[in-house]
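Only one structure is covered here, and it is reproduced in the block below.
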Amino acid sequence: MSELKDARVLIAGGGIGGVANALALALKGAEVTLFERAPEFGEVGAGLQIGPHGSRILQSLGVYDEVIAKGVLPKNLVFRDAVTAEILTKVDLGHDYQQHYGGVYFVVHRSDLHSVLVDAARRAGADLRNNATVTDVVTEGDKVRVVLENGEEHVGDIALGMDGLHSRLRPKLSDDKPVGSGYVAFRGTFPMNEVPLEEEIEDVVGYIGPRCHFIQYPLRQGEMLNQVAVFQSPAFLRGEEMWGSPEELAHAYDHCHESVQAALKYLWTDRWWPMFDRNPIDNWVDGRMLLLGDSAHPPLQYLASGAVMALEDAKCLADYAAEDYRGDNANWPKILQDVNAERAPRCNRILTVGRMWGDLWHLDGAGREGRNELFRIRDTSSYKYTDWLWGYSSDRNR
């Protein structure tokens, strides 16, 4: 395909979003150069949950089979009360769900998804460069100039700012700062046969409780167990600058069921992730630069859609550009504005609903009791409240 023949795109940031955009645009015929500051490509972390809104895009990018081969298709999403371990509700991810949404819900190691996208982008002709830190992007007439830390400058038709939560490029559009949630995540992946479990885990299981939650699911064809413990940091509540620590983890789940407490032994304690997002902004365009991914819309993780939003960005931009570029560099400003107009309401809704969902998970007292009852009585056959999330498409003919 050559809809974007002669189009030159420069990308700052080589995470999942940056590489997905490089792949999507290269597949349409664009000349893509991506700059990643790390000395090699890789993703830090553990498991990712990818809903059908993401698996459909991986199909369109031609990497679905390769990614799925490295992941797991869980049978259900299961919500349990963290204090009693009672099952509150389930979302069946089987045939009816897959037919309704036109895709599967799967889990995969972050590094496995990233490596597949890197290899595919290179096969498609994208130039992915390491040890290259972008410090500025300047629009000059009908071109954009990207400046690297080492003094190099590169010229293209457009630039994508995809340098993450702590983006150096976002200040060109907003003076906001990352917002600390007060919650910190500890993660761990261990061989399944090394973790004593009461029963085999074939689902994504989430224990939700007062000021904490705990997630478990299998990875790498069931050979690994992924666990995430998230809790409110007392140090954050005290106003301390450094918050979240193994010392806090040691007592964060004292009020929870023994099955949760036993699983805490299988977490890494040499690293942890204080959880930040940013307040939504409506404008992501500065001249011929467009912010996407976590630079534009970094979410808290409660809707499991951070990586998927970056995949959605990639499909939307590549599709709109393929339709409207028509070999004319003058069309890019409208393309960027149209992508911004399509994506900002979608992503900002995920940011705000994600915060609310987190609050719901962590209720105590009467709030917890009311939430549990609502979960128990929900209509498990209805997709009324999830179609907006999992059924989304940026296609103009939707």
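None of these values were measured; they are calculated from a predicted model.
- Every residue meeting the side chain to side chain contact (heavy atoms under 4.5 Å, CB included) condition with Pro52, not counting sequence neighbours, appears here in chain and number order: Ser55, Arg56, Tyr97, Tyr101, Tyr105, Trp390.
- Residue pairs satisfying the ring pair (Phe, Tyr, Trp, His ring centres under 6.0 Å) criterion with at least one member in residues 110-136, sequence neighbours excluded, are absent.
- Screening residues 353-367 for salt bridge (charged side-chain N to carboxylate O under 4.0 Å, His left out) gives Arg211-Asp364, Asp277-Arg355 as the qualifying pairs, with residues at least two apart or on separate chains.
- Screening residues 143-156 for side chain to side chain donor-acceptor pair (under 3.5 Å) gives Glu140-Arg145, Lys143-Asp157, Arg145-Glu153, Asn150-Glu152, Glu152-His154 as the qualifying pairs, with residues at least two apart or on separate chains.
- The list of ring pair (Phe, Tyr, Trp, His ring centres under 6.0 Å) pairs with a residue in residues 292-334, not counting sequence neighbours, reads His213-Tyr302, Trp284-His297, Tyr302-Trp361, Tyr302-His362, Tyr325-Trp332.
- Under a 3.5 Å cut-off, the side chain of Arg8 and the backbone N or O of Glu31 do not form any donor-acceptor pair.
- Listed by first and then second residue, the side chain to side chain donor-acceptor pair (under 3.5 Å) pairs involving residues 115-124 amount to none (not counting sequence neighbours).
- Every residue meeting the ring pair (Phe, Tyr, Trp, His ring centres under 6.0 Å) condition with Phe276, not counting sequence neighbours, appears here in chain and number order: Trp243.
- Residue pairs meeting the salt bridge (charged side-chain N to carboxylate O under 4.0 Å, His left out) criterion with at least one partner in residues 99-116, sequence neighbours excluded, are Glu43-Arg110, Asp112-Arg220.
- For Glu240, the salt bridge (charged side-chain N to carboxylate O under 4.0 Å, His left out) criterion is met by Arg238, not counting sequence neighbours.
- With sequence neighbours excluded, no residue forms a salt bridge (charged side-chain N to carboxylate O under 4.0 Å, His left out) with Arg288.
- Legend: residues meeting side chain to side chain contact (heavy atoms under 4.5 Å, CB included) with His166, ordered by chain and number and at least two apart, are Pro178.
- Sorted by first and then second residue, the salt bridge (charged side-chain N to carboxylate O under 4.0 Å, His left out) pairs involving residues 311-321 (not counting sequence neighbours) are Lys28-Asp319, Glu312-Arg343, Glu312-Arg346, Asp313-Arg343, Lys315-Asp319, Lys315-Asp395.
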